[in-house]
Amino acid sequence: MKEFLVSPGAKVDLGRWDPNDTSAFPGLTKDDGVVMVENARLRLRELQSRLIAQRRHKVLIIFQAMDAGGKDGAVRHVFQGLDPHGLSVVAFKAPTSTELEHDFLWRIHPRVPSRGEITIFNRSHYEDVVAVRVRKLAPREIWERRYEHIVNFERLLADEGTTVLKFFLHIDAAEQKARLQERLRDPSKQWKLQASDLADRTQWAEFIKAYEEALGRTSTVHAPWYVVPSNKKWYRNVVVAHVLREALERLKPEFPPLAPELAGVRSL
Ligand code: ATP
Ligand code: MG
């Protein structure tokens with residue numbers, strides 16, 4: 001899925017990725033896409049059974065997006081049906097006063113997956129170079145150093161057996177406006193809307209710039225970023241499910257054999 005990958009070291013211009021694009025799967029309709037995600041989920045479930053049994057690989061999936069970019073929806077659609085035993089979702093909100101007393105990775109590290117687990121980060125340490133930068137919560141000399149810390153941190157995770165996949169769900173300002181408008185209108189969605197979301201909208205360009213720099217400086221071979229065209233929710237799900245499935249297939253997880261002490265046992 002090279003078209004979505006941010007090449008390590010590349011300068012990122014998000015304008016080059018069309019949020020409406022669906023061309024990676026030519027001719028795919030919405031109905032086909034829904035079936036494709038269902039099939040991918042069945043295969044992911046099989047692969048996950050092996051991951052859990054083998055207790056060898058760890059999988060960390062990071063979602064970042066502008067507000068209303070569809071992180072929650074992607075998690076719901078792609079991961080439903082997986083075994084909850086081996087799966088966790090962590091949503092990182094604005095840091096508490098205790099968290100702010102520590103370095104920015106302090107609250108992140110304890111939440112990474114252990115052997116056999118898949119962990120999803122809904123927002124992550126990338127807030128510390130995006131939200132913190134745009135909202136001026138720390139001076140440049142603080143967040144500027146964090147790119148290198150992030151690359152090193154993710155390298156540590158990878159060296160110790162973690163597969164790290166990072167998805168930027170890419171919507172445009174018009175799509176965000178429509179989704180926020182819907183949150184305002186629909187009583188079942190109003191709880192999702194905060195005054196700060198409206199304030200963030202006025203800083204759209206600053207957020208894009210901060211994301212471009214973060215994606216460009218932290219996409220690595222060991223922890224690549226994927227830019228997912230996300231104006232169409234069904235296509236977003238197709239791309240995330242596909243990239244994830246390919247990554248787990250590459251791990252070739254296997255059920256472990258019978259324990260050595262049971263080697264001679266044929267029946268009970
Ligand atoms: P949705 O996209 O559905 O609105 P959400 O992820 O925005 O969900 P919220 O509770 O609305 O969830 O927002 C969490 C807020 O916490 C975001 O505005 C985010 O920027 C902020 N946040 C998370 N981590 C940090 C951080 N390290 N520093 C500053 N702000 C942070
Ligand atoms: Mg929000």
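Note that ligands are numbered from 1 as they come in the structure, with each ligand's atoms numbered from 1 the same way. Source: prediction; values computed, not measured.
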Looking at [atom], what's its closest protein heavy atom, distance included?
atom                    : answer
atom 31 (C) of ligand 1 : A94 CA, 3.6 Å
atom 6 (O) of ligand 1  : R123 NE, 2.6 Å
atom 30 (N) of ligand 1 : R135 NH1, 3.7 Å
atom 19 (C) of ligand 1 : E127 OE1, 3.4 Å
atom 3 (O) of ligand 1  : R183 NH2, 3.4 Å
atom 9 (P) of ligand 1  : K93 NZ, 3.7 Å
atom 26 (C) of ligand 1 : P95 CD, 3.3 Å
atom 13 (O) of ligand 1 : Q194 OE1, 4.0 Å

Quiz item: Should the ring pair W143 and Y147 be called parallel, tilted or perpendicular, given that the plane angle runs from 0 to 90° and is split at 30 and 60?
Solution: perpendicular

Check: [Y] main-chain N/O paired with [X] side-chain donor or acceptor under 3.5 Å:
X    : Y    : value
H170 : L14  : yes
S230 : V228 : yes
H109 : L105 : no

Within 6.0 angstrom of [X] [atom1], more than 12 heavy atoms from elsewhere:
X    : atom1 : answer
E148 : CD    : no
H102 : NE2   : yes
R56  : CZ    : no

Run the contact test for [X] against ligand 1 with a 4.0 Å cut-off on heavy atoms, strictly below, and give the result.
X    : result
R179 : no
H125 : no
M66  : no

Practice problem: Could you tell me if the ring centre of F104 sits under 6.0 Å from that of H125? | Solution: no

State the atoms of ligand 1, each with its element, that fall below the 4.0 Å cut-off from a heavy-atom position in [X].
X    : value
V132 : 28 (N)
D128 : 27 (N)
R107 : 24 (N), 25 (C), 26 (C), 27 (N)
D67  : 1 (P), 2 (O), 4 (O), 7 (O)
D72  : 3 (O)
A68  : 2 (O)
A131 : 20 (O)
L137 : 29 (C)

On a heavy-atom basis, which atom in [X] and which in [Y] lie closest, and how many Å separate them?
X    : Y    : answer
K192 : D72  : NZ-OD2, 3.2 Å
A214 : V130 : CB-CG2, 4.2 Å
F207 : R135 : CZ-NH2, 4.0 Å

Quiz item: Does a side-chain heavy-atom distance below 4.5 Å link K71 with L169?
Solution: yes

Quiz item: Is F167 close to Q64 at the side-chain level, that is, under 4.5 Å between some pair of heavy atoms?
Solution: no

Quiz item: Taking the six-membered ring of F63, is the NZ or CZ of R123 close enough (under 6.0 Å from the centre) and on axis enough (within 45°)?
Solution: no

Self-check item: Separation of D172 CG from W17 CH2 (nearest 0.5 Å)
Solution: 15.5 Å

Quiz item: Can you count the protein N, O or S atoms that lie less than 2.8 Å from the Mg ion (ligand 2)?
Solution: 1

Quiz item: How does S196 reach ligand 1, by side chain, by backbone, by both or by neither, if only non-hydrogen atoms under 4.0 Å count?
Solution: neither

Quiz item: How far apart are the C-alpha atoms of D186 and S188, what are their side-chain angles, what is the distance that settles it, and do they pass the side-chain hydrogen bond (donor to acceptor under 3.5 Å, both in side chains) test?
Solution: CA-CA 5 Å; D186 181 343; S188 74; 2.9 Å; yes

